[in-house]
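Shown next, in structure tokens, is the structure this report addresses.
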There are 2 protein chains.
Amino acid sequence: MSAAKSRRSGAASIDLVLCAVRGGRLHVLVTTTSAQALPFARCGAEDDPEAVARELARHASGQPAAWMAQGTVMAAKRHPGDAPLSVPFVGVVGPAVEAPRGMAWHPVQALPSLAPRQKAMAESALTTLRLHMDAAPVAFRLLPSVFTLSELQQVYELLLGRRLHKASFRRALQAAYLVAPTDDWRSEGRGRPAQLFRYAPRRRHAGHRSVRFDLLGR
Amino acid sequence: MSAAKSRRSGAASIDLVLCAVRGGRLHVLVTTTSAQALPFARCGAEDDPEAVARELARHASGQPAAWMAQGTVMAAKRHPGDAPLSVPFVGVVGPAVEAPRGMAWHPVQALPSLAPRQKAMAESALTTLRLHMDAAPVAFRLLPSVFTLSELQQVYELLLGRRLHKASFRRALQAAYLVAPTDDWRSEGRGRPAQLFRYAPRRRHAGHRSVRFDLLGR
DNA sequence: CCAATAAGTAACATCACGCAACTAATGTCA
DNA sequence: TGACATTAGTTGCGTGATGTTACTTATTGG
């Protein structure tokens, strides 16, 4: 009911790296029954890989992934299902999703002992998220439907791996017409309450920005 | 000697979408022996997918791909090798690479009749290139080792699908320290000769630019 | 010699960004 | 109750990047 669904050798496996932000760190859902592993399933000839991955996510976390993308196919190293080829899917859910029985969230920086191929897939999840976060609302899918701008900034800082400036972040966000304020505020203990926002992208007049040379270094 | 190497069913195929810019348009290398198809090979349990793809590229075009990335795994529709799963690799070579016997360059916008799964893989190649061009020197690998800035701009315009401004393009390029001028100039018939440049990225002081909200539209 | 063509540059206005300082609203503690 | 800490949110300014226009330079072809 947890990880392996079928271990027939000779077929590719679909592996799920389900991610969530908990306590300011990126976590991955790992099965804890017997050996620890990422959820995976055999992909039959009739199966659609993404459909299998979405079913895995629904089954493993109790709800569908809020966003999902394919990672880099791996063939090297050992896989718990002895699959010759593994197709990883990186999924994303909000921070309030609790791990069901037999599952647990683990920080990516402190993973339990996984089969080496699955360990490699989990460690490359952040790279996959970074690859897509400019073109897909990955950060918003890692948040609840309503969130504060500080929470959004923290997710972006986590994904980018560096600190951002508050004022600049908010100005850029406002210029992009991506969020809409709600009427609610949240008091998080000490400090001024924060206004809650919702992801509500509006049509913008074709932001034709220049080329990105700044990420090319080799 | 061209497309299929082994058609044993039950194993994944590695498919090659080799791209080049010819005459201002993106072209894909297609085999012309018997049925037209993308080069592909069966991927055995011991094979490294990327190594297989690189060998395919070397074999199909006569030289190694200048850059390569994995595309989206596909299982739907018909594949010429009847592979249940296909792992596409998008490769890139310079514009001077001629198609060997049994192969031909075709514009992606006017592909010949391919098996539907391969057709889908070829048509998603541009998306894969766009996904990586900010972090990898894809545009430079589509050019010869020396090139004019106008040629470079044309490649970027092709990849981005929109026109760029000459002055802005060159300023941004200079600020990124990505190219170095050579002592040669090229006279292309009419007009002033263009100086030739080389891709020579130099270490830059961490261009920590802001977040890209401008590509998120939904 | 002049028009056409393409490469390359300069000048200027505008915009985005980094930075710092500020205000606002809440809880804590003496 | 009043000072302080803490977090949210805003404002202003200097600097640098970008968009736009116009200009200069070098070559081919009448």
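Note on naming: letters A, B, ... go to the chains in the order of the sequence lines (proteins, then strands), and numbering restarts at 1 for each one.
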B/L196 CG to C/dG8 P, in whole Å, measures 9 Å
Check whether any side-chain heavy atom of A/C43 lies under 4.5 Å from a side-chain heavy atom of A/V87, and answer yes or no.
-> no
Please check the phosphate of D/dT27 (OP1 and OP2 only) for any side-chain N or O of B/S187 closer than 4.0 Å.
-> no
Quickly work out the A/L173 CG to C/dC17 C1' distance and round it to whole Å.
-> 15 Å
Check every strand shown and say whether B/A172 touches a base, only sugar-phosphate, or nothing at a heavy-atom separation below 4.0 Å.
-> sugar-phosphate
Roughly how many Å is it from CZ in B/R171 to P in C/dA16, rounded to a whole number?
-> 16 Å
Counting only side-chain N and O atoms of A/R170, is one of them less than 4.0 Å from OP1 or OP2 of D/dG9?
-> yes
Base, sugar-phosphate alone, or nothing: which one does B/E188 contact when heavy atoms must sit under 4.0 Å apart?
-> nothing
Length of the CZ-P vector between A/R212 and D/dA17, whole Å = 14 Å
Any side-chain heavy atom of A/D15 within less than 4.5 Å of one from A/H79?
-> yes
With B/F213, which of A/F140, A/F169, A/Y177 fulfils ring-ring contact (aromatic ring centres under 6.0 Å, His included)?
-> A/F169
Mind checking B/S150 for me? I need base, sugar-phosphate or nothing, with any heavy atom below 4.0 Å counting as a touch.
-> sugar-phosphate
Contacts of A/A194 and B/P193 projected onto DNA chain D by closest heavy atom; the upstream (5') one is A/A194
Is there a side-chain contact between B/L16 and B/L38, using heavy atoms and a 4.5 Å cut-off?
-> no
Round to the nearest Å and state the distance from A/Q174 atom CD to C/dC15 atom C1'.
-> 15 Å
A/A167 or A/R190, whichever maps to the more 5' nucleotide of DNA chain D | A/R190
Are A/W105 and A/L18 side-chain neighbours, meaning at least one heavy-atom pair lies under 4.5 Å?
-> yes
Rounded distance in Å - CZ (B/F169) to C1' (C/dA7) | 14 Å
Of B/G191 and B/Q195, whose closest DNA chain C nucleotide lies nearer the 5' terminus?
-> B/G191
Has the side chain of A/R192 got a donor or acceptor that lies under 3.5 Å from a partner of the other kind on the base of C/dG27?
-> no
NA contact type, A/S168, heavy-atom cut-off 4.0 Å: base, sugar-phosphate, or nothing?
-> base
Within less than 4.0 Å of OP1 or OP2 of D/dT20, is there a side-chain N or O belonging to B/H165?
-> yes
Length of the line joining A/R163:CZ and C/dC19:P, which is rounded to integer Å | 12 Å
Separation of C/dT26 P from A/R186 CZ (nearest whole Å) = 15 Å
Please confirm whether any donor atom in the side chain of A/R162 sits under 3.5 Å from an acceptor in the base of C/dG18, or the reverse.
-> no
